[in-house]
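A short worksheet on the structure shown next.
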Amino acid sequence: MTTTAPVASSPVVRAERAPQPSDGSWQGRNREYDLLKEFVVALVVVALLAAGLAALFSSPDEHQVTLTSWSTAAPTDFVATAATELDGTSGTATYGAPYTRTPDAAQKIGPVSLQHIAGVTHPINTSTDFITGPLASLPGDPTVSAALAQWTAASAAQQQSWSGSYDAALQKAAGNDPAKVAPGSYGPVPTMLTGLLRLAQAGRLDGALLLQGSFYQTDYTKPLLFIADGSYLADKGGAEHLAGEQWGMMNETGSYPGQAWLWLYTFWYQVKPFSTSGNADALVMVVMTVLSIGLISVPFLPGIRSIPKWIPVHRIIWRDYYRNTGSSTS
Amino acid sequence: MTLLEDPTGPQGPLRAATWTGRLRDRATKSFPPEQLLPDRQPIYVASWIYVFGVATIAAFLVVLATGTLLAVQGPQWWHRSGTGHYVNSLHLWSVELFMAFMVIHLWGKFWMAAWRGKRAMTWVTGAVCFFGSIGTAFTGYLVQSNFDSQFISTQAKDGLNSVGIGSRFNVMDFGQMLMWHIFLLPLIVGAVVLVHVLQVRRRGVVPPFLVHPIDLPAAPDRARP
């Protein structure tokens, strides 16, 4: 093993100016170093550390929100959301690609809308997929069946008139309570939505929205979009400090560490122009893509690649070597 | 095995003619055993910062092992079993350690300017590992099948949809995300980690900025001390 004793002080040279082998390999002094032993020790220490942290702090498992739990805990929010799904004014109904063909709904990067170019790959008609479809697939209440038949027989304009009027009236009602909606020409809409609420509270809507005619299913897009259109999920997320303005992207439920490594991604949403832009998501994605490519390309970026030379943190990292070779005074 | 004479001259080494032989020759030339598993390192490899590279790999293996245990029992196991919940906790905390070690390792390599000396691809593969790991962790959060997954997926869809990615990569499709999390992304990250480690073994650890003449390659007219 080569000694690590200090060598006589003599001029040091910058590595990049010094003669180097063509393959960049080190030709200087070496010392014994057991990589395998280091790896085994690291593996044992990390495993013990993880075991200890898991035993001490466990992991969060906040129970999921279902259409049943939502409709039971917040029936007025459920019915108000269902009304917007029926008249086509909900967040999902007006989202644009990849769910709906809503003109001008897609976000843009300058004049380009990648969202629009990618197209509608998961088509959703909130009225039929979230409301009338499940009602039709789960018959059992003659009143609701009659209301649904009346709805189906009506023209599109008539349907829009009924559902739009009821949605507007519901929003004006105290506490958005369906029982306090002013009388009006709503056709079968109140009966349909009341029937949907009963279905949801009975636990029959979760399966109906998920399965959509298929036995096996792993795609939760439709029930999740329906739930997310309401305020119940957002309120619960805010209470768990998961909302966007709470830097929620890097948080976890409870007091657990989340995806802290997303801090920079989250940061952009907190500052202008992103925080006030209708195209914030697309713009932040572009910024993060450019920065990510930049990090990967650091060795090829003049100026950036020289920062470690200008800010000599390397003197701390290699302080033993520099001290032993007397280069700390150079 | 057929051997061909080296075209550089009659005294040159013999070259294998088969694909297998050429692959072996290239592998052993690029990674001779003493370079692949060295028991000596340059004298400057003496800092705590070097620990975080191997600690990252160690944590990665713990992540893979605990993830494998979760995969054996299925994605719902940890919700209904105390043992499963503990294994999930192991998985979570090993991921947190993995990411922490990797970030420290990354910063350490930045301040060393570890891309010097034809080591640019070592940096590039390391940075790709970092982003691949972020993607893998992200899909892990999506497949917890609890409230956190619901909230994250309904929020994250907007970013991905805004640039068209969401049209093919649907964060609310549990089945698709599970496949990405337990197979596709670990496969990609694992492969890039392997390439990264091989790059480190091939090029060695980057030397300090300031090198003492005693450690410079011997020139023909300069005797080594």
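Chain letters run A, B, ... following the sequence lines, proteins first, then strands; residues in each count from 1. The structure presented is a predicted model; accordingly, all values stated were derived computationally and were not measured.
With a 4.5 Å cut-off on non-hydrogen atoms, Thr125(B) does not touch chain A at all. Of the two parts of Val65(A), the backbone and the side chain both hold a non-hydrogen atom closer than 4.5 Å to a non-hydrogen atom of chain B. Val87(B) does not touch chain A: none of its heavy atoms, backbone or side chain, sits under 4.5 Å away. When heavy atoms are compared at a cutoff of 4.5 Å, Phe174(B) approaches chain A by way of both its backbone and its side chain. For chain A, no part of Leu178(B) is nearby; none of its heavy atoms comes within less than 4.5 Å. Only the side chain of Glu240(A) has a heavy atom closer than 4.5 Å to any heavy atom of chain B. Both the backbone and the side chain of Lys236(A) come within less than 4.5 Å of a heavy atom in chain B. Using a 4.5 Å cut-off between heavy atoms, Leu37(B) makes no contact with chain A at all. For Asn170(B), the part sitting under 4.5 Å from any heavy atom of chain A is the side chain, from C-beta outward, and nothing else. Contact annotation for Pro223(A): neither backbone nor side-chain heavy atoms come within less than 4.5 Å of a heavy atom of chain B. In this structure, chain B has no heavy atom under 4.5 Å from any part of Leu283(A).
Among the candidates Val40(A), Thr289(A), Ile307(A), Asp34(A), the residue making the largest number of heavy-atom pairs closer than 4.5 Å to chain B is Ile307(A). Residue with the most contacts toward chain B among Met249(A), His122(A), His63(A): His122(A) (heavy-atom pairs, distance under 4.5 Å). Among the candidates Ala106(A), Ala54(A), Ala243(A), the residue making the largest number of heavy-atom pairs closer than 4.5 Å to chain B is Ala54(A). Counting heavy-atom pairs closer than 4.5 Å to chain A, the top-ranked of the candidates Val206(B), Val95(B), Val163(B) is Val163(B). Most heavy-atom pairs under 4.5 Å with chain B: of the set Ala260(A), Ala97(A), Ala55(A), Gly244(A), this distinction falls to Ala55(A). The greatest number of non-hydrogen atom pairs below 4.5 Å with chain A, out of Leu61(B), Leu97(B), Leu92(B), is found for Leu97(B). When the candidates Gln107(A), Met285(A), His116(A) are compared by the number of heavy-atom contacts under 4.5 Å with chain B, Met285(A) comes out ahead. Across Ala46(B), Ser94(B), Ala55(B), Ser133(B), the residue that shares the most heavy-atom pairs under 4.5 angstrom with chain A is Ala46(B). If you tally non-hydrogen atom pairs under 4.5 Å between each of Asp219(A), Leu295(A), Thr121(A) and chain B, the highest count goes to Asp219(A). When the candidates His79(B), Gln35(B), Gln176(B) are compared by the number of heavy-atom contacts under 4.5 Å with chain A, His79(B) comes out ahead. Here His85(B) is the residue among His85(B), Gln144(B), Gln155(B) with the most heavy-atom pairs under 4.5 Å with chain A. Counting heavy-atom pairs closer than 4.5 Å to chain A, the top residue among Ile49(B), Leu90(B), Asp158(B) is Asp158(B).
Considering CD1 of Ile57(B) and CD of Glu38(A), their distance stands at 9.5 Å, rounded to 0.5 Å. Between Leu224(A) atom CG and Thr154(B) atom OG1 the span is 6.5 Å, to the nearest 0.5 Å.
Checked against the 6.0 Å centroid criterion, the rings of Phe98(B) and Phe60(B) qualify as a close aromatic pair. For Phe209(B) and Trp111(B), the ring centers sit 6.0 Å or farther from each other. A centroid separation of less than 6.0 Å is found between the aromatic rings of His314(A) and Tyr322(A). Between Trp180(B) and Phe169(B), the distance from one ring center to the other falls under 6.0 angstrom.
Side-chain N/O atoms of Tyr44(B) and Asn30(A) include no donor and acceptor closer than 3.5 Å.
Between Trp93(B) and Tyr256(A), the two ring planes are tilted [angle within 30° to 60°]. Ring planes of Phe110(B) and Trp107(B): perpendicular class, angle over 60° (limits at 30 and 60°).
Considering only heavy atoms from C-beta on, Gln199(B) stays 4.5 Å or farther from Val124(B) through its side chain. Counting only heavy atoms from C-beta outward, the side chains of Asp39(B) and Tyr33(A) never approach each other to under 4.5 Å.
For residues 84-105 of chain B, the set of pairs meeting the salt bridge (Lys or Arg N to Asp or Glu O under 4.0 Å) definition, not counting sequence neighbours, is empty.
In this view, Asp320(A) and Arg323(A) satisfy the salt bridge (Lys or Arg N to Asp or Glu O under 4.0 Å) rule, not counting sequence neighbours.
Residues Arg40(B) and Glu34(B) are not paired through a salt bridge, judged by the lack of any N-O separation under 4.0 Å between the basic side chain and the carboxylate.
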